[in-house]
Amino acid sequence: MLWRGASSLRASTPASGSISNMYAVNLARYQRYPDCKQRGLRALPPLALFTSKECHYSIKKGAAFLGLGTNSVRVVKTDERGKMVPEDLERQISLAEAEGAVPFLVSATSGTTVLGAFDPLEAIADVCQRHGLWLHVDAAWGGSVLLSQTHRHLLDGIQRADSVAWNPHKLLTAGLQCSALLLRDTSNLLRRCHGSQASYLFQQDKFYDVALDTGDKVVQCGRRVDCLKLWLMWKAQGGQGLERRVDQAFALAWYLVEELKKREGFELVMEPEFVNVCFWFVPPSLRGKQESPDYSERLAKVAPVLKERMVKEGSMMIGYQPHGTRGNFFRMVVANPALTQADMDFLLNELERLGQDL
């Protein structure tokens, strides 16, 4: 079973991880205030939901789309590795209540977009339990780690979540798009929250079990059968095959880290715990000049130049971004099962070649 500790699961296959996160917010709101389906925002007091500063942007976008407003999203501090700080979550909940808002949901992240951080789910679940809050885990990126016996400890506590977003099209590389929303609820909450009982589509007197008609549970009407991609891949690869795929990604990421450390001009942002390898390439002109007042400013300009060069040459594609007070750095995400150690060596060699004149 993918989600350990859950005796019964209900799953939906939204269009993306962003939609999965939005569904979770809507379900949590409906569970607490079911009148909002008919009466809208008039049925609601000021609400507050909580997520870390490293969360995916879809949390705030979903709050805006659902009429809660981005101000309803309370941002919780993270530690130096990008993990949510449970003590600050407690503080933010108390602050929201003191300001007259009603807390209703916490969105934790398993596998943040940039640093690949995994929030401490057990501690966060304890906070949610004390305050009666819905716990959602955005595991769109990191959820597939559960398939690995070696690395699944990163998601300890996920079995206590009320909802989990998971994207097999990310780490497992299922065909785009393939997303799942897993729910603890067994009371048909999805149908009660989203259903419209359109009799011209969802007739209740069909000759088969109408519970098979899942369309009324979701916002979309016409759509593809995205879950078939996951089923076919799992059937072909097997659980052990998918586990090897995850373990291979970790092993290759660690190989890249060790090779990066051996070379002059490469600097890790931090030791990764996932397959997000974040680093700077320090060109020859900046080496040994870390004390220069304009060092950080000049270093931040390197990644965009190298990105332009690699794209125009067609040799590779690596993302970069700033992060907090850090200037632009590369983020190599090791997920493609076709990658090899030779590819990691090529990546480093190519950066050296493209940046030798900088």
Side-chain angles (χ1 to χ4, degrees), residues 51-61 70 73-85 87-88 109 111-120 141-142 252-335 343-358:
T51 191
S52 85
K53 61 182 293 187
E54 298 291 327
C55 76
H56 192 261
Y57 69 84
S58 60
I59 302 299
K60 282 193 173 182
K61 182 175 284 191
T70 56
V73 181
R74 306 295 180 109
V75 179
V76 181
K77 292 179 181 178
T78 57
D79 63 17
E80 67 281 356
R81 296 196 59 85
K83 300 172 182 287
M84 184 187 291
V85 178
E87 293 78 12
D88 191 58
T109 310
T112 59
T113 304
V114 177
L115 300 178
F118 288 76
D119 286 342
W141 175 214
L252 206 54
W254 291 338
Y255 173 83
L256 175 60
V257 168
E258 293 307 310
E259 291 301 307
L260 188 150
K261 291 177 180 178
K262 297 175 184 177
R263 303 197 185 204
E264 184 182 11
F266 290 90
E267 181 182 344
L268 275 175
V269 174
M270 65 176 60
E271 291 280 346
E273 68 173 344
F274 195 21
V275 297
N276 302 39
V277 181
C278 299
F279 64 92
W280 287 280
F281 174 73
V282 183
S285 65
L286 289 178
R287 292 172 193 171
K289 298 183 179 180
Q290 288 84 347
E291 302 303 320
S292 300
D294 62 346
Y295 175 81
S296 296
E297 180 182 352
R298 292 172 64 190
L299 181 61
K301 296 178 180 178
V302 173
V305 172
L306 292 179
K307 179 63 177 282
E308 179 183 359
R309 291 181 177 184
M310 69 177 73
V311 170
K312 288 183 175 179
E313 290 211 12
S315 59
M316 57 186 186
M317 291 272 285
I318 311 173
Y320 73 87
Q321 67 286 300
H323 183 266
T325 59
R326 300 182 179 102
N328 288 321
F329 56 84
F330 286 111
R331 171 170 45 102
M332 174 60 188
V333 177
V334 184
D343 293 313
M344 300 300 99
D345 296 336
F346 173 81
L347 182 153
L348 299 177
N349 292 337
E350 183 69 355
L351 284 174
E352 289 177 333
R353 184 184 71 83
L354 294 172
Q356 61 185 346
D357 63 335
L358 297 179

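Quantities reported herein were computed from a predicted structural model and do not represent experimental measurements. Numbers for residues simply follow the sequence, beginning at 1.
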Could you check whether any side-chain heavy atom of Glu54 comes within less than 4.5 Å of a side-chain heavy atom of Thr109, counting everything from C-beta outward? no
Are the side chains of Pro272 and Val257 in contact, using a 4.5 Å heavy-atom criterion? yes
Could you list the donor-acceptor pairs under 3.5 angstrom formed between side-chain atoms of residues 300-307 and any protein atom two or more places apart in sequence or on another chain?
unit_1	atom_1	unit_2	atom_2	d
Lys307	NZ	Ile318	O	3.2

Residues that Ser58 engages under side-chain hydrogen bond (donor to acceptor under 3.5 Å, both in side chains), provided they are two or more places apart: Asn21, His56
Taking every heavy atom of Ala335 against every heavy atom of Trp141, the minimum-distance pair comes out as CB-CH2, 4.1 Å
Flag side-chain contact, heavy atom, 4.5 Å: Asn276 against Val114: no
Separation between OG (Ser292) and CD (Glu297), nearest 0.5 Å, reads 12.0 Å
Just wondering, do Thr51 and Lys60 contact through their side chains at under 4.5 Å, heavy atoms? no
Please find the pair of heavy atoms, one from Phe274 and one from Ala253, that lie closest to each other, and give the distance. O-CB, 4.3 Å
Asp294: salt bridge (Lys or Arg N to Asp or Glu O under 4.0 Å) partners, not counting sequence neighbours: none
Does some side-chain heavy atom of Glu350 sit less than 4.5 Å from a side-chain heavy atom of Met310? no
Side-chain heavy atoms of Leu252 within contact of Asp343, under 4.5 Å: no
Residues in ring pair (Phe, Tyr, Trp, His ring centres under 6.0 Å) with Phe281, at least two apart? Phe266
Could you grab the distance from atom CG of Asp88 to atom OG1 of Thr78, nearest 0.5 Å is fine? 9.5 Å
Any heavy-atom pair between the side chains of Thr112 and Cys55 that's under 4.5 Å? no
Of all the heavy-atom pairs spanning Asp119 and Gly82, show the shortest one and how long it is. OD1-O, 4.1 Å
Pairwise distance CG(Leu354) to NZ(Lys312) - rounded to 0.5 angstrom: 12.5 Å
Only pairs at least two apart or in different chains count here, so list each ring-ring contact (aromatic ring centres under 6.0 Å, His included) that has a residue in residues 294-334. Phe279-Phe330, Trp280-Phe329
By side-chain hydrogen bond (donor to acceptor under 3.5 Å, both in side chains), Glu313 pairs with (sequence neighbours left out) Arg353
Please list, chain by chain and in numerical order, all residues satisfying salt bridge (Lys or Arg N to Asp or Glu O under 4.0 Å) with Arg309, sequence neighbours excluded. Asp357
Quick one: pull up OG in Ser315 and CG in Asn349 and give me the separation to the nearest 0.5 Å. 11.5 Å
Where Pro284 and Gly355 come nearest, the two heavy atoms and their spacing: CD-O, 3.5 Å
Side-chain contact, heavy-atom cut-off 4.5 Å: Leu351 with Leu347? yes
Which residue pairs satisfy the salt bridge (charged side-chain N to carboxylate O under 4.0 Å, His left out) criterion with at least one member in residues 265-281, sequence neighbours excluded? Lys83-Glu273, Lys261-Glu271
Measuring from atom SG of Cys278 to atom CG of Leu115, what distance do you get when rounded to the nearest 0.5 angstrom? 5.5 Å
Under the side-chain hydrogen bond (donor to acceptor under 3.5 Å, both in side chains) rule, collect the residues that match up with Ser296, sequence neighbours excluded. none
Going by the rule salt bridge (Lys or Arg N to Asp or Glu O under 4.0 Å), which residues pair with Glu352 if we only count those two or more places apart in sequence or in a different chain? Arg263
With sequence neighbours left out, what residues match Glu264 under salt bridge (Lys or Arg N to Asp or Glu O under 4.0 Å)? none
Counterpart residues, side chain to side chain contact (heavy atoms under 4.5 Å, CB included), relative to Tyr255 (two or more places apart): Glu259, Gln341, Met344, Asp345
Test side chain to side chain contact (heavy atoms under 4.5 Å, CB included) on Leu256 and Leu348; report intermediate values, then the result. CA-CA 9 Å; Leu256 175 60; Leu348 299 177; 4.0 Å; yes
Hey, mind stepping through Val333 and Arg331 against side chain to side chain contact (heavy atoms under 4.5 Å, CB included) and telling me if it holds? CA-CA 6 Å; Val333 177; Arg331 171 170 45 102; 3.9 Å; yes
